[in-house]
Novice: 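Have a look at this one before I ask anything.
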Amino acid sequence: MIVRDEAATLARCLNCVKSFADEIIVVDTGSTDETVTIARSFTDKVFFFEWCDDFSAARNFSFSEAVCDLVMWLDADDVINAENAAKIAELKNRNDFDAAYLKYAAAFDGDTPSFIYYRERIFRRLLGFRWSGAVHEVVECSGRIIYSDACIFHKKVKANPAARNLRIYQSLISRGQSLDERHKFYYGRELFFNGLYTECVAVLSAYLKGNGWVENKVEACRTLYKALNNLGRSDEAVRALVYAFTLSYPRAEDCCYLAGYFEAKNDVRSAIYWYERAVNSQESVEDGGFINVDYLGYFPAIRLCVLYDGLGEYALACKYNELAGKFKPDDDSYLHNRQYFKTKLSER
């Protein structure tokens, strides 16, 4: 782990880790709170690294202190429940992989993960895997790779420092460093997150002409759609969104955005068409992409309920409300609609 001012979450994380970790390595990059004291209550392997605006350098230093056969990384605000800790413990006894990808739940609806993707997580130490990238760092894995259904929960309690990642990218560029395709994508996203929509459009439009990973390109189209909408360029926004359909199969989230575009134009039948494409999507986190779970089920189902109700097609509206309820059985909208349709259908 690399940490800085993580007193609010570090003990929570390390209490999860101690059930399966043979050694715990914490590298502090300049904490001014009780982070180091908390770390030392779990391990004597607490080290210090002078921060240099380079996440990979810090993570590679942390890996260099490991002595076990397998190395796993975590952030201080990660949480692992008992079920997933047991799955990770089982991986320690396997000799059939060089690197393991685990699911990463990065956003939640209550306690239910709503945004999930796979992330490289465990590595065979002697193979010398290295982090690269000053920000949005990554390990380029090779050899025998497996995908485990063990899941890490990323439970943030504080926001990242404002504009930190953008500042790092702009510092690299000012020093004449060229960004590779992956980091062009992430730089464009950081511009978006910081409200620099015109600059975001320029960077991501250029990125889409290159040879980036298809999942990042699909996400770039989605970010372009949002940036262009924020600039009041809605027709260009839709063209950017639809371009994603030329890269891969239509993703549920993009279908929902397109449906919303037609809703805003009062083209109900077109909106219904795209929401139905979303709700019938076969998309899965196992495909390797970034999955926002709501767009695979609840959201298009509840919108279809509303639209069919507006058309007076109450049986279909009720059907989609019940489908929404399968995803969120305690949802207020679903429960209200359920009572509404009992009355509406009994009147017929």
Side-chain angles (χ1 to χ4, degrees), residues 1-52 54-95 97-106 118-133 135-139 141 146-158 160:
M1 307 177 72
I2 61 172
V3 297
R4 183 172 184 172
D5 292 335
E6 299 290 359
T9 57
L10 184 58
R12 182 186 68 179
C13 179
L14 294 181
N15 273 315
C16 303
V17 167
K18 66 183 183 181
S19 68
F20 62 81
D22 297 298
E23 65 173 352
I24 297 173
I25 296 166
V26 179
V27 173
D28 188 82
T29 64
S31 293
T32 58
D33 63 6
E34 296 301 309
T35 293
V36 171
T37 301
I38 294 168
R40 284 177 171 156
S41 71
F42 287 89
T43 178
D44 60 357
K45 292 195 169 186
V46 178
F47 302 94
F48 298 91
F49 182 86
E50 185 175 351
W51 183 243
C52 57
D54 190 329
F55 280 89
S56 286
R59 291 204 189 276
N60 285 329
F61 174 76
S62 74
F63 273 30
S64 73
E65 297 295 340
V67 299
C68 290
D69 293 338
L70 296 173
V71 181
M72 173 179 174
W73 70 274
L74 287 170
D75 284 335
D77 46 10
D78 290 337
V79 177
I80 308 171
N81 63 23
E83 177 186 0
N84 288 299
K87 291 178 180 179
I88 293 170
E90 290 175 3
L91 288 174
K92 290 167 53 180
N93 298 319
R94 292 177 56 172
N95 294 310
F97 71 92
D98 299 320
Y101 282 71
L102 275 60
K103 292 179 180 177
Y104 207 19
Y118 273 103
R119 189 76 207 265
E120 72 279 18
R121 183 66 65 175
I122 302 175
F123 314 92
R124 206 155 294 279
R125 181 178 59 86
L126 291 179
L127 295 181
F129 288 106
R130 300 278 294 174
W131 292 90
S132 63
V135 65
H136 292 294
E137 65 277 18
V138 67
V139 177
C141 296
I146 63 170
Y147 289 80
S148 168
D149 65 352
C151 188
I152 311 296
F153 296 163
H154 191 55
K155 292 275 196 174
K156 295 181 73 69
V157 300
K158 66 177 183 180
N160 290 332

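On a predicted model such as this, the values are computed, not experimentally measured, just so you know.
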Novice: How far does CZ of Phe47 sit from CE of Met1, to the nearest 0.5 angstrom?
Specialist: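 With rounding to 0.5 Å, CZ (Phe47) is 14.5 Å from CE (Met1).
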
Novice: Is Asp22 paired with Lys92 through a side-chain N to carboxylate O contact shorter than 4.0 Å?
Specialist: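 Result for this pair is yes, salt bridge flagged.
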
Novice: Is there a donor-acceptor contact under 3.5 Å from the side chain of Arg124 to the main chain of Asp69?
Specialist: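 Absent.
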
Novice: Please report the closest heavy-atom contact between Arg12 and Lys155, naming both atoms and the distance.
Specialist: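 For Arg12 versus Lys155, the nearest heavy atoms are NH2-O, 2.7 Å.
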
Novice: Which distance, rounded to the nearest 0.5 Å, do you find between the CG of Leu10 and the CG of Asp77?
Specialist: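 Leu10 CG to Asp77 CG: 10.0 Å, rounded to 0.5 Å.
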
Novice: Just to verify, which of Trp51, Phe48, Phe49 counts as forming a ring-ring contact (aromatic ring centres under 6.0 Å, His included) with Phe61?
Specialist: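 Only one of Trp51, Phe48, Phe49 forms a ring-ring contact (aromatic ring centres under 6.0 Å, His included) with Phe61, namely Phe49.
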
Novice: With side-chain contact (heavy atoms from CB on, under 4.5 Å) as the criterion, how do Leu91 and Leu70 come out once you've worked through the C-alpha distance, each side chain's angles and the decisive distance to 0.1 Å?
Specialist: CA-CA 10 Å; Leu91 288 174; Leu70 296 173; 5.8 Å; no

Novice: Quick check for you: to the nearest 0.5 Å, what is the distance between Phe123 atom CZ and Asp98 atom CG?
Specialist: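 So the gap between those two atoms works out to 11.5 Å.
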
Novice: Going by heavy atoms in the side chains, are Cys13 and Glu6 under 4.5 Å from each other?
Specialist: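 Counting from C-beta outward, Cys13 and Glu6 never come under 4.5 Å.
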
Novice: Looking at Ser148 and Leu102, would you say the former's side chain and the latter's main chain have a donor-acceptor pair under 3.5 Å?
Specialist: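 Side chain of Ser148 to backbone of Leu102: no pair is present.
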
Novice: Within a strict 4.5 Å, meaning less than it, do heavy atoms of the Thr43 and Ile25 side chains meet?
Specialist: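 No, too far: nothing below the 4.5 Å cut-off.
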
Novice: So, Glu137 side chain and Arg59 main chain: donor-acceptor pair closer than 3.5 Å or not?
Specialist: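 Absent.
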
Novice: If every non-hydrogen atom of Ala66 is compared with every non-hydrogen atom of Val71, which pair is closest and at what distance?
Specialist: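 Taking every non-hydrogen atom into account, CB-CG2, 3.8 Å.
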
Novice: Once rounded to the nearest 0.5 Å, what's the spacing between atom CD1 of Ile38 and atom CG of Asp33?
Specialist: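 If I round to the nearest 0.5 Å, the distance is 7.0 Å.
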
Novice: With ring centroids as reference points, do Tyr101 and Tyr118 lie under 6.0 angstrom apart?
Specialist: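 Not under 6.0 Å, so no.
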
Novice: Donor-acceptor pair, distance only, cut-off 3.5 Å: does the side chain of Arg121 make one with the backbone of Met72?
Specialist: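 Judged by distance alone, no pair lies under 3.5 Å.
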
Novice: Go through Arg119 and Ile152 one step at a time and tell me if the side-chain contact (heavy atoms from CB on, under 4.5 Å) criterion holds.
Specialist: CA-CA 10 Å; Arg119 189 76 207 265; Ile152 311 296; over 6 Å; no

Novice: Do the side chain of Glu120 and the main chain of Val139 share a donor and acceptor less than 3.5 angstrom apart?
Specialist: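 The answer is yes, because a donor-acceptor pair under 3.5 Å joins these two groups.
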
Novice: Using every non-hydrogen atom in the two residues, find where Cys16 and Phe20 come nearest and quote the distance to one decimal.
Specialist: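 Scanning both residues, the minimum pair turns out to be O-CE2, 3.8 Å.
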
Novice: Check whether any side-chain N or O of Asn60 sits under 3.5 Å from a backbone N or O of Ser56 as a donor-acceptor pair, and report yes or no.
Specialist: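 Flag set: sc Asn60 to bb Ser56 pair under 3.5 Å.
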
Novice: Does a side-chain N-to-carboxylate-O contact under 4.0 Å join Glu65 and Lys45?
Specialist: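 Salt bridge: no.
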
Novice: Check whether any side-chain heavy atom of Ser132 lies under 4.5 Å from a side-chain heavy atom of Val138, and answer yes or no.
Specialist: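 Contact flag for Ser132/Val138 side chains = yes.
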
Novice: Would you check if Val26 and Ile24 make a side-chain contact, meaning some heavy-atom pair closer than 4.5 Å?
Specialist: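 Answer yes - side chains close enough.
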
Novice: Is the closest basic N to carboxylate O distance between Glu83 and Lys87 below 4.0 Å?
Specialist: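 A salt bridge links Glu83 with Lys87.
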
Novice: How many angstroms lie between CD1 in Ile122 and SG in Cys141, if you round to the nearest 0.5 Å?
Specialist: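 The distance works out to 11.0 Å.
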
Novice: Any donor-acceptor pair under 3.5 Å linking the side chain of Arg125 with the backbone of Cys68?
Specialist: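 Judged by distance alone, yes, a pair lies under 3.5 Å.
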
Novice: Could you tell me if the side chain of Ile2 sits less than 4.5 Å from the side chain of Trp73, heavy atoms only?
Specialist: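 A side-chain contact under 4.5 Å is absent here.
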
Novice: Locate the shortest heavy-atom distance separating Cys151 from Asn84; write the atom from each residue and the value.
Specialist: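 Here Cys151 and Asn84 meet closest at N-OD1, 2.9 Å.
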
Novice: Check each of Val46, Thr29, Asp28 against Thr35 using the side chain to side chain contact (heavy atoms under 4.5 Å, CB included) test, and report the only one that passes.
Specialist: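 Result for side chain to side chain contact (heavy atoms under 4.5 Å, CB included) with Thr35: Asp28.
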
Novice: Using side-chain heavy atoms (C-beta onward) and a distance below 4.5 Å, is Val17 in contact with Phe42?
Specialist: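 No, their side chains stay 4.5 Å or more apart.
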
